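To keep things clear, I will list the structure first and then write my remarks on it.
The structure presented is a predicted model; accordingly, all values stated were derived computationally and were not measured. By convention here, the first residue in the shown sequence is residue 1.
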Amino acid sequence: PHVLTLVEQFWHKVPGGTAQATERTLAALLDRNEFTITGLAAAHRRPDGRFEGLSRVPEGCAVVHHRLPRPVLYECWLRLGRPRVDPLLGADSVFWASSLIVAPCHRPVVSTVHDLDFLDHPEFLTKRGRRFFPMMWNVARARSNHFVCPSAAAAEQCRAQ
């Protein structure tokens, strides 16, 4: 089977917990030798996504870069439902949204929900974040076939929505 996953978090100036969780999950999947994994990232000046001492795309995970930069790509996915990622997916493919950014596609989608704290504590977000994260959650709910939660607390937050 083939897994296409968003690996954009490896290009954040300070990759956080989502990048670390994605790195470890990708490494575990690659160790199984059962999956072909392709990472999807936006356009970047530094294409390798490696930062000194921080999370990085694991060896063995090919990365395809879109021509659009992250803010434009995310807004197009969320507001317009395009560009679709279907050309990168085969018949036995699944899209794994390693964060709540879910690219539009016609294949099965599995989304990881680390938490929904942005709904309970919008005061900790920027003005853009207060608009972006709830919209992102609504799109993820509409596009995802399955959700994976790494904790019981995150699963309970999802069930409550």
Side-chain angles (χ1 to χ4, degrees), residues 1-12 14-42 49 54-66 70 73-79 81-122 124-125 129-161:
H2 176 242
V3 177
L4 176 68
T5 186
L6 187 66
V7 293
E8 186 57 30
Q9 57 271 39
F10 294 115
W11 279 266
H12 291 182
V14 181
T18 303
Q20 292 174 13
T22 301
E23 178 184 22
R24 290 182 182 134
T25 303
L26 288 173
L29 289 172
L30 288 164
D31 282 348
R32 294 179 61 97
N33 289 321
E34 295 177 28
F35 304 95
T36 302
I37 300 174
T38 304
L40 176 61
L54 298 172
S55 297
R56 62 187 174 89
V57 178
E59 296 295 327
C61 178
V63 177
V64 174
H65 288 270
H66 199 278
R70 178 188 313 137
L73 183 61
Y74 282 9
E75 289 296 329
C76 286
W77 281 348
L78 292 172
R79 292 181 181 277
R82 60 179 198 253
R84 293 193 168 279
V85 296
D86 295 290
L88 300 172
L89 297 164
D92 66 341
S93 295
V94 63
F95 180 80
W96 170 40
S98 54
S99 64
L100 285 180
I101 302 294
V102 181
C105 67
H106 290 107
R107 302 300 311 151
V109 173
V110 177
S111 293
T112 298
V113 179
H114 297 278
D115 64 67
L116 296 175
D117 290 345
F118 57 87
L119 295 174
D120 296 329
H121 298 287
F124 296 127
L125 301 173
R130 284 190 298 274
R131 177 190 60 80
F132 180 78
F133 285 103
M135 183 183 354
M136 175 178 67
W137 170 235
N138 289 333
V139 169
R141 290 187 338 193
R143 291 184 185 158
S144 300
N145 300 92
H146 302 281
F147 287 99
V148 175
C149 300
S151 70
E156 187 55 40
Q157 282 181 308
C158 287
R159 281 189 211 97
Q161 291 302 311

Contact summary for C158 and W137, nearest pair of heavy atoms: SG-CH2, 3.9 Å

Parallel, tilted or perpendicular: which describes the rings of Y74 and F132, with under 30° parallel and over 60° perpendicular? parallel

Would you sort out whether H65 and W11 count as a ring-ring contact (aromatic ring centres under 6.0 Å, His included), showing the intermediate values? CA-CA 12 Å; H65 288 270; W11 279 266; 5.2 Å; yes

Spacing of F95 atom CZ and R143 atom CZ [to the nearest 0.5 Å]: 9.5 Å

Distance-minimising heavy-atom pair for A41 and V63: CB-CG1, 4.2 Å

Heavy atoms of A154 and H114 approach each other most closely as CB-O, 3.4 Å

Can a donor-acceptor pair be found, under 3.5 Å and without considering hydrogens, that links the side chain of W96 to the backbone of L6? no

Shortest non-hydrogen separation from G129 to P134 and the atoms involved: O-CD, 3.8 Å

For A91, does its backbone N or O pair with a side-chain atom of R107 as donor and acceptor, under 3.5 Å? yes

Heavy-atom pair of closest approach, residues V102 and S144: CG2-OG, 4.0 Å

Whether the side chain of S93 engages the backbone of G90 through a donor-acceptor N/O pair (distance < 3.5 Å, no angle test) should be reported. yes

Closest heavy-atom pair and its distance - L88, H2: O-CE1, 3.4 Å

Residues, nucleotides or ligands: over 12 heavy atoms within 6.0 Å of R130 CZ: yes

Spacing of L40 atom CG and I101 atom CD1 [to the nearest 0.5 Å]: 11.5 Å

What residue among T112, V109, V113, V110 forms side-chain contact (heavy atoms from CB on, under 4.5 Å) with F147? V113

About how many Å separate CZ of R24 and CG of L26, when rounded to the nearest 0.5 Å? 12.0 Å

For a 4.5 angstrom cut-off between non-hydrogen side-chain atoms, does C76 reach R82? no

Could you give the distance from CZ (F133) to CG (N138), rounded to the nearest 0.5 Å? 13.5 Å

Checking side-chain polar atoms at under 3.5 Å, does Q9 have a donor or acceptor matched by the opposite partner on S98? yes

With rounding to the nearest 0.5 angstrom, report the OG to CZ distance, S111 to R141. 12.0 Å

Measure the shortest side-chain to side-chain distance between L73 and P83 over non-hydrogen atoms and say whether it is less than 4.5 angstrom. yes

Out of curiosity, L100 CG to M136 CE, how far, rounded to the nearest 0.5 Å? 4.5 Å

Report the C-alpha separation of L119 and Q157 in whole Å, then their side-chain angles, then the decisive distance to 0.1 Å, and conclude whether the side-chain contact (heavy atoms from CB on, under 4.5 Å) test is met. CA-CA 10 Å; L119 295 174; Q157 282 181 308; over 6 Å; no

